Amino acid sequence: MADFSKESCPSVKNILLLDSEGKRVAVKYFSDDWTTNASKLAYEKSVFTKTLKTNARAEAEITLFDGYIVVYKFVHDLHFFVTAGDDENELILASVLNGFSDSVGLLLRGDVEKRTALENLDLILLCIDEIIDGGIILETDANTIAGKVATNAVDGSVPFSEQTISQALATAREHLARSLLK
């Protein structure tokens, strides 16, 4: 049997979701390349500034920045970024980015804007967790990612601990309504 190590798998350094001003909406770092919060914020600002003048609306763009490969895409007023080492495969990174942006689009029902993203931040963070774990890419298919997140969060307004109770009440309500209509 082949011996697989973490080094043999494609990995990601960070995944960023910034607004149209370069401010954080949702970010997650998987590497110690940026040790302090100030260095993370500086990196986010510089990568945002470098990519701001490009037109990455239709499809993902790829750039080499500070020795890292950055794949990015803009959807309305949100900017999606995936950063990896310069030895990673750009096509795999592009599929991660597309999986992230498309699954966010599915979860937000096509309303991919900062306001909606902030209202559903828990779904976006779960989405990131379903795509990447510890820098290792787990899933890139948007429908699969959105499906897994949706099963974890049946109703975004209900906390996780109360979901089964609310589901039971909804079922009881349905049965009661059917019995009253008979």
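Just so it is clear, the model here is predicted, and its values are computed rather than measured. Start at 1 with the first residue, then count along the sequence.
Minimum heavy-atom separation, Leu93 to Ser11: CD2-O, 4.4 Å. Considering every non-hydrogen atom in both Asp102 and Ala142, the closest pair reads CB-CB, 3.4 Å. Nearest heavy-atom pair across Ala26 and Ile128 is CB-CD1, 4.3 Å. For Val71 against Glu90, the heavy-atom pair with the smallest separation is CG2-O, 4.5 Å. The shortest heavy-atom contact between Ile145 and Gly99 is CD1-O, 4.0 Å. Between Asn89 and Leu91, the shortest heavy-atom distance links the atoms OD1-N, 2.8 Å.
The NZ atom of Lys114 sits 11.0 Å away from atom NE2 of His79, with the distance rounded to the nearest 0.5 Å. With values rounded to the nearest 0.5 angstrom, Ile15 atom CD1 is found 11.0 Å from Ile124 atom CD1. The OG atom of Ser103 sits 9.5 Å away from atom CG of Asn143, with the distance rounded to the nearest 0.5 Å. Considering SG of Cys127 and CG of Asp122, their distance stands at 11.5 Å, rounded to 0.5 Å.
Partners of Lys23 under the side chain to side chain donor-acceptor pair (under 3.5 Å) rule, at least two apart in sequence or in another chain, do not exist in this structure.
When the side chains of ILVMFWY residues are joined at heavy-atom separations under 4.5 Å, either directly or via intervening members, Val104 and Leu106 end up in two distinct hydrophobic clusters. Side-chain heavy atoms closer than 4.5 Å link hydrophobic residues (I, L, V, M, F, W, Y) into clusters, and following such links, possibly through other members, connects Leu17 to Leu118. If you chain together hydrophobic residues whose side chains sit under 4.5 Å apart, Val12 and Val25 fall into the same group.
Here the side chains of Glu21 and Asp77 are not in contact, with every heavy-atom distance at 4.5 Å or above. Residues Ile69 and Thr83 fail the side-chain proximity criterion, which asks for heavy atoms closer than 4.5 Å. In this structure, Glu139 and Lys148 have side chains that are in contact, with non-hydrogen atoms separated by less than 4.5 Å. In this structure, Lys40 and Arg24 have side chains that are in contact, with non-hydrogen atoms separated by less than 4.5 Å. Contact annotation: the side chain of Leu107 never approaches that of Asn120 to less than 4.5 Å [non-hydrogen atoms, C-beta and beyond].
Ion pairing between a basic and an acidic side chain is recognised when a charged N comes within 4.0 Å of a carboxylate O; Arg115 and Glu119 show such pairing. Of the charged side-chain nitrogens involved, none lies within less than 4.0 Å of a carboxylate oxygen, so that Glu61 and Lys73 do not count as a salt-bridged pair. Salt-bridge annotation for Asp129 and Lys28: present, with a side-chain N of the basic residue lying under 4.0 Å from a carboxylate O of the acidic one.
Within a 6.0 Å radius of CG in Asp32, other residues, nucleotides and ligands contribute 12 heavy atoms or fewer.
Legend: ring pair (Phe, Tyr, Trp, His ring centres under 6.0 Å) pairs involving residues 91-121, not counting sequence neighbours, sorted by first then second residue: Phe80-Phe100. The ring pair (Phe, Tyr, Trp, His ring centres under 6.0 Å) contacts involving residues 102-125 comprise nothing, where partners must be two or more places apart or lie in separate chains. Applying the ring pair (Phe, Tyr, Trp, His ring centres under 6.0 Å) test to pairs two or more places apart or on separate chains, none has a residue in residues 125-151.
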Worked check of side-chain contact (heavy atoms from CB on, under 4.5 Å) between Thr63 and Lys50: CA-CA 9 Å; Thr63 189; Lys50 174 165 173 98; 3.4 Å; yes
side-chain contact (heavy atoms from CB on, under 4.5 Å) between Asn98 and Thr140, intermediate numbers included: CA-CA 8 Å; Asn98 287 328; Thr140 61; over 6 Å; no
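Under the 3.5 Å distance criterion, the side-chain polar atoms of Ser101 are matched with a main-chain donor or acceptor of Leu97. Of the possible donor and acceptor atoms, one in the side chain of Asp19 sits under 3.5 Å from a partner among the backbone N and O of Gly22.
No hydrogens or angles considered: a donor-acceptor pair under 3.5 Å links the side chains of Ser39 and Thr36.
Hydrophobic cluster membership of Val27, counting Ile, Leu, Val, Met, Phe, Trp and Tyr whose side-chain heavy atoms lie under 4.5 Å apart directly or via other members: Leu16, Leu18, Tyr29, Trp34, Tyr43, Val47, Phe48, Leu52, Phe65, Tyr68, Val70, Tyr72, Phe74, Phe81. Grouped with Leu138 in a hydrophobic cluster is no other residue, since no side-chain heavy-atom contact under 4.5 Å to another Ile, Leu, Val, Met, Phe, Trp or Tyr is found.
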